[in-house]
*Asks:* 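Got a structure here, written out as structure tokens. Questions coming.
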Protein chains: 2
Amino acid sequence: MSTEIPKRRGRPPSGQREAILRSTLELLRDRGIAKLTTREIARHAGVSEASVYYHFSDRAGLLQAVFEEGLQPLSLLAQPPNPDSDRAEVLARAAQTLSQFFDEVLPVLIAAQSDPELQAALTAYISERDLGPHRGVAAIGGYLRAQQAAGEIDPSVDVDAAALMLIGACFIRVVERQLMGQAGRLPELERVVITLDGLLGAGARGSPESR
Amino acid sequence: MSTEIPKRRGRPPSGQREAILRSTLELLRDRGIAKLTTREIARHAGVSEASVYYHFSDRAGLLQAVFEEGLQPLSLLAQPPNPDSDRAEVLARAAQTLSQFFDEVLPVLIAAQSDPELQAALTAYISERDLGPHRGVAAIGGYLRAQQAAGEIDPSVDVDAAALMLIGACFIRVVERQLMGQAGRLPELERVVITLDGLLGAGARGSPESR
DNA sequence: GTCTATAGGTTGATAGAC
DNA sequence: GTCTATCAACCTATAGAC
């Protein structure tokens, strides 16, 4: 019945739980989910297998926790870009951020597809938080809309569609590298950004040529 | 030592092998690879488990065969679009074809990521045949280049980058639907096509406004 | 070619000592 | 809280009859 608040009760940390989470995510990223056994996880984390079952209800519980951890970067997509610079630069920054983000999240997203239960848990998590590519579209599209309002982009342009194209280009480049084991066969991100910026700009400040 | 040619030697078809392949691909697409056991496959295909091992060397051999079957649509990406129509229409057709293609291939691509061996086999297969998104870029980019040569697109535009954006937009829409279990939160493909067509056209035939 | 039956090997999960 | 030891269930793959 006391009212002390600041002292943390009970358990000192010990860090094993986080070690398990980290190890699982790490193994997941570079070996896939097929042979991801609790044994391997325990060994890699330097704990016993029973510890895994102490910290998590079961294998599915562990994986779900890992997913939530691995998907955390998703919330970063919410924040709109800083409009205080050159448009091409803003787009380049956004593209780079998106790519890095996809790079981190993709393995988790893929692993979840292996099992219907995980798939369901994933979609529930995403749906609860209203996550997804549309957040990126909203952020970049919002920035472009501001540009449009400022007369920098032709009013007839569908800025959300343009944003989707940029995001898609970033995404498929990550997929090519991670899933298909190749790189350098697609146009550089910089080219994409410059191209999009040029196409957008042509409507309001470009110098088109006649036939 | 005879020389008869036209009669097909030996085995009558029997179709079990194909039934197994089909069942595996089907189970893979809608349940993931985690609990994809030879038992389930055999049961679903209406054959015994031993038959699976008669037709395929082992589980990995079966999966590899399924992958090659499932990835066959990849070769369709080689054929360039037919230039005998309106540009927007050509792009729309390409976008639709790409989307359908991604829809079929994505589950296989993802399943292969679960296991390093499968991953290696997949990249070998892809690399041998020089497959990948760059083929799509080459096809659509080639078409746009022709448009460019005909004066329909400003010469300064990087058509390959533009092609990548279109392809990426198609891809990420498929990913949203299949992997994240949502739909309708991203701009429609048609909007993307119209937007891209508009942006491309503005360079040579549009009527831009001044500031 | 296809089946049934089973060997051999992994894996997830628990019990109980410390 | 963490460990070792262990079990029951499951899976791949093979042997051998038909």
Side-chain angles (χ1 to χ4, degrees), chain A residues 7-28 30-67 111-112 114-121, chain B residues 7-28 30-67 111-112 114-121:
Chain A
K7 280 265 180 180
R8 184 163 43 182
R9 286 287 193 83
R11 53 160 184 196
S14 109
Q16 283 214 33
R17 189 191 149 97
E18 292 181 10
I20 294 171
L21 280 175
R22 229 179 319 116
S23 289
T24 308
L25 190 54
E26 201 173 320
L27 289 173
L28 193 69
D30 53 54
R31 290 199 220 167
I33 201 176
K35 288 164 187 164
L36 187 72
T37 67
T38 51
R39 259 196 243 288
E40 275 284 316
I41 293 169
R43 205 177 55 80
H44 190 269
V47 303
S48 82
E49 201 177 346
S51 273
V52 175
Y53 286 96
Y54 172 80
H55 288 288
F56 303 92
S57 59
D58 56 2
R59 186 178 183 268
L62 167 59
L63 289 181
Q64 199 167 335
V66 169
F67 285 175
S114 65
D115 182 54
E117 285 187 31
L118 291 177
Q119 226 267 352
Chain B
K7 281 263 178 181
R8 183 164 44 183
R9 287 287 193 83
R11 54 162 184 197
S14 108
Q16 282 214 30
R17 188 191 150 96
E18 292 182 11
I20 294 170
L21 280 176
R22 228 178 321 114
S23 290
T24 307
L25 191 53
E26 201 172 321
L27 289 173
L28 194 68
D30 54 53
R31 287 199 221 168
I33 200 176
K35 288 164 187 163
L36 187 72
T37 67
T38 51
R39 254 195 250 288
E40 276 285 315
I41 293 169
R43 207 177 53 80
H44 190 270
V47 304
S48 81
E49 204 176 345
S51 272
V52 175
Y53 287 95
Y54 173 79
H55 288 288
F56 302 92
S57 58
D58 55 4
R59 186 178 184 269
L62 167 60
L63 289 182
Q64 199 167 334
V66 169
F67 285 175
S114 66
D115 181 54
E117 284 187 32
L118 291 177
Q119 226 268 352

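Computed from a prediction, not measured in an experiment: that's the story for all the values here.
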*Asks:* Which whole-number value in Å describes the distance from Tyr54(A) OH to dA15(C) P?
*Replies:* 16 Å
*Asks:* How long is the gap from OG on Ser114(B) to CG on Leu63(B), to the nearest 0.5 Å?
*Replies:*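 The distance works out to 8.0 Å.
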*Asks:* Identify the two heavy atoms, one from Ala65(A) and one from Phe56(A), that lie closest to each other, and give their separation to 0.1 Å.
*Replies:* CB-CE2, 3.9 Å
*Asks:* Taking only the side-chain heavy atoms of Thr38(A) (C-beta and beyond), determine which of dG12(C), dT2(D), dG1(C) contains the nearest atom.
*Replies:*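 Nearest nucleotide to the side chain: dG12(C).
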*Asks:* Could you state the CD-C1' distance from Glu40(A) to dA13(C), rounded to the nearest angstrom?
*Replies:* 18 Å
*Asks:* Determine whether a donor-acceptor pair (N or O, by modelled atom type, separation under 3.5 Å) exists between the side chain of Ser23(B) and the backbone of Ile20(B).
*Replies:* no
*Asks:* Salt bridge check: are Glu40(B) and Arg31(B) linked by an N-O gap of less than 4.0 Å?
*Replies:*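 Salt bridge between Glu40(B) and Arg31(B), a charged N being under 4.0 Å from a carboxylate O: yes.
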*Asks:* How many Å lie between CG on Leu62(A) and P on dT11(C), as a whole number?
*Replies:* 16 Å
*Asks:* What is the separation between atom CZ on Phe56(B) and atom P on dT12(D), rounded to the nearest whole Å?
*Replies:*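 Taking atom P of dT12(D) as the reference, CZ of Phe56(B) is at 15 Å.
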*Asks:* Search all heavy atoms of Leu118(A) against all heavy atoms of Ala112(A) and return the closest pair with its distance.
*Replies:*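 Heavy-atom minimum between the residues: CB-O, 3.7 Å.
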*Asks:* Going by the salt bridge (charged side-chain N to carboxylate O under 4.0 Å, His left out) test, name the single residue among Arg43(A), Arg59(A), Arg39(A) that passes it with Glu49(A).
*Replies:* Arg39(A)
*Asks:* Taking CZ from Arg59(B) and P from dT12(D), how many angstroms apart are they, rounded to a whole number?
*Replies:* 5 Å
*Asks:* Expressed in angstrom and rounded to an integer, what is the separation of Ile20(B) atom CD1 from dG1(C) atom P?
*Replies:*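 Value for this atom pair: 13 Å.
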*Asks:* Roughly how many Å is it from NZ in Lys35(B) to P in dT12(D), rounded to a whole number?
*Replies:* 14 Å
*Asks:* Produce the list of close N/O pairs, under 3.5 Å, pairing protein atoms with atoms of nucleotides 3-10 of chain D; give distances to one decimal.
*Replies:*
| residue | atom | partner | partner atom | Å |
| --- | --- | --- | --- | --- |
| dC3(D) | OP2 | Ser48(A) | N | 2.7 |
| dC3(D) | OP2 | Ser48(A) | OG | 3.2 |
| dC3(D) | OP2 | Ser51(A) | OG | 2.8 |

*Asks:* Would you mind reading off the distance between Leu27(B) atom CG and dC11(D) atom P, rounded to a whole angstrom?
*Replies:*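 After rounding, the gap between these two atoms is 13 Å.
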*Asks:* Closer than 4.0 Å, any side-chain N/O of Tyr53(B) to the OP1 or OP2 of dA13(D)?
*Replies:* yes
